[in-house]
Amino acid sequence: MNESKGALTEAVYYILISLYQPLHGYGVIQNVEKLSGGRVKLGAGTLYGAINTLLGRGWIVEYGQSGERGKKEYIITDSGKQAVAWEIARLQELLDNGRQICQADLPDHS
Amino acid sequence: MKNKKIEPKLYTMIDNEEIYLNQMCEKGWKPVEIFLGIFFCFERCEPGEYIARVTTTMDTEKGRSTKEKRRFLTEYLTDSGAEIVHETNIDAGSRIYAIRPASLGAFEINTDTDSLIADYQARRKFHIIWTVIAGVLFLMGMTFGLLFMREAMELGDSDIMRSAYIEFASAALLLVCFIAVVIPIGKYNRKIRELREKREFEE
């Protein structure tokens with residue numbers, strides 16, 4: 001994963017926006033799959049590594065425990081929200097520049 | 001028709017172990033238990049009904065297997081419809097063996113480059129630890145063998161000479177173990193290098 005103002009990986013981006021509501025690990029995986037229309041499927045190893053990195057960076061925190069098995073839930077922090085905002089701005093810039101230059105070659109979605 | 005069977009197999013690489021388990025699933029045998037790391041127990045299933053995965057519980061940041069990672073992985077695996085077949089619990093490389101019905105779709109534990117690198121680093125560390133252990137024991141065996149041999153020649157004692165031969169035989173066995181665990185380190189180094197190159201491109 002990249003530094004705070006660098007590009008986020010697709011997995012990290014989706015994990016962060018999933019955690020605008022408190023969720024446990026498997027809930028995150030299900031939510032990411034739903035948000036991406038089934039395209040992004042996170043593995044447990046991927047999620048474990050990402051959650052530890054995000055906790056270490058202070059972008060998410062433990063929110064509590066849920067269910068009989070006491071699964072840990074996580075939620076995004078203000079600095080995590082800021083990272084998402086930067087990423088959205090970065091993606092917007094990519095999109096704007098791409099559209100401006102390649103407009104003639106892009107398929108018409110209208 | 002036989003519904004259960006046990007096959008003894010010795011693998012030094014997790015990758016090969018996983019390939020073997022998936023080949024058995026393809027043939028209609030799902031793994032149900034593993035004894036002593038080498039006896040694989042299977043039960044009949046439909047050919048291709050299950051996908052098998054083997055993963056390490058070593059946390060690369062902490063440099064050892066952790067309860068947190070084990071708990072996280074087992075929780076996720078059972079939540080996602082997988083069955084835990086077997087867990088090993090040693091600090092130098094704990095593993096989880098799981099199967100999941102193929103009907104539930106692709107079954108991958110590491111779906112991004114970073115976690116794949118971390119997993120291969122954990123596998124490599126397991127081999128490094130056992131390489132060092134086998135190497136030290138081999139050197140000890142050789143040293144004792146030579147000392148016994150010198151003493152036997154000085155004293156002309158055949159019993160001490162026999163001990164020297166036993167030490168050399170043990171050392172030879174340990175050398176085989178050493179070679180078996182050291183070879184995968186190079187393979188893992190290559191995989192990690194390839195994945196790092198891929199990650200640079202992705203970034």
Side-chain angles (χ1 to χ4, degrees), chain A residues 1-16 18 23-57 59-60 62 64-74 87 90-91 94, chain B residues 14 18 51 53-84 87 94-98 100 104-123 195-196 198-203:
Chain A
M1 202 157 55
N2 304 298
E3 284 311 310
S4 51
K5 283 203 179 183
L8 302 183
T9 62
E10 197 172 62
V12 166
Y13 177 75
Y14 269 126
I15 292 167
L16 282 172
S18 292
L23 282 175
H24 56 75
Y26 189 60
V28 172
I29 286 171
Q30 286 177 309
N31 199 48
V32 168
E33 199 170 335
K34 191 174 135 197
L35 283 172
S36 65
R39 190 178 58 81
V40 180
K41 292 183 170 80
L42 297 178
T46 297
L47 186 67
Y48 181 81
I51 281 181
N52 274 342
T53 310
L54 294 173
L55 284 170
R57 211 167 267 188
W59 288 1
I60 62 168
E62 280 179 24
Q65 296 187 329
S66 71
E68 285 175 11
R69 286 189 287 169
K71 291 182 203 168
K72 279 183 191 168
E73 286 189 325
Y74 305 92
E87 183 62 7
R90 191 188 70 83
L91 292 171
L94 293 177
Chain B
I14 297 180
E18 193 176 271
I51 300 170
R53 288 285 172 253
V54 186
T55 190
T56 62
T57 56
M58 188 178 280
D59 191 321
T60 28
E61 278 185 22
K62 291 175 183 154
R64 61 187 162 82
S65 289
T66 60
K67 277 185 191 162
E68 298 85 57
K69 188 169 182 185
R70 172 186 293 274
R71 191 179 164 199
F72 188 94
L73 291 176
T74 45
E75 254 179 30
Y76 161 81
L77 289 167
T78 43
D79 281 350
S80 69
E83 250 175 76
I84 308 292
E87 289 181 57
S94 292
R95 299 171 189 183
I96 297 176
Y97 296 76
R100 199 173 82 155
L104 294 177
F107 180 30
E108 297 297 341
I109 291 173
N110 298 295
T111 49
D112 73 325
T113 313
D114 282 343
S115 60
L116 269 173
I117 290 173
D119 197 51
Y120 280 123
Q121 283 173 333
R123 293 175 190 212
L195 285 167
R196 281 188 175 140
K198 183 175 172 251
R199 185 174 60 184
E200 278 169 26
F201 181 73
E202 283 171 347
E203 282 172 356

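Atom set for the values below is all heavy atoms of this structure, side chains included, hydrogens, waters and symmetry mates excluded. So that the names make sense, note that chain A is the first sequence line, chain B the second, and so on, each numbered from 1. Note that the coordinates shown come from a computational prediction; the quantities given were computed from them, not determined experimentally.
Interface remark: B/T55 contributes no atoms to any contact with chain A (heavy atom separation under 4.5 Å). For A/L47, the parts lying near chain B are the backbone and the side chain together; criterion is any non-hydrogen pair under 4.5 Å.
Contact record, B/Y76 with A/A44: CD2-CB, 2.9 Å, taken as the closest heavy-atom pair.
Separating the OG1 atom in B/T57 from the OH atom in A/Y48 is a distance of 9.0 Å, to the nearest 0.5 Å. Within the model, atoms CG of A/L42 and OG of B/S115 stand 9.0 Å from one another, a figure rounded to the nearest 0.5 Å. The distance from atom OG1 of A/T46 to atom CG of B/L116, rounded to the nearest 0.5 Å, is 7.0 Å. The structure places CD of B/E75 at 9.5 Å from NZ of A/K72, a figure rounded to the nearest 0.5 Å. Remark: B/F72 CZ to A/H24 NE2 distance equals 10.5 Å, nearest 0.5 Å.
In this structure the side chain of A/K71 reaches within 4.5 angstrom of the side chain of B/D79, judged on heavy atoms.
Heavy-atom pairs under 4.5 Å with chain A peak, among B/N110, B/T111, B/D112, at B/T111.
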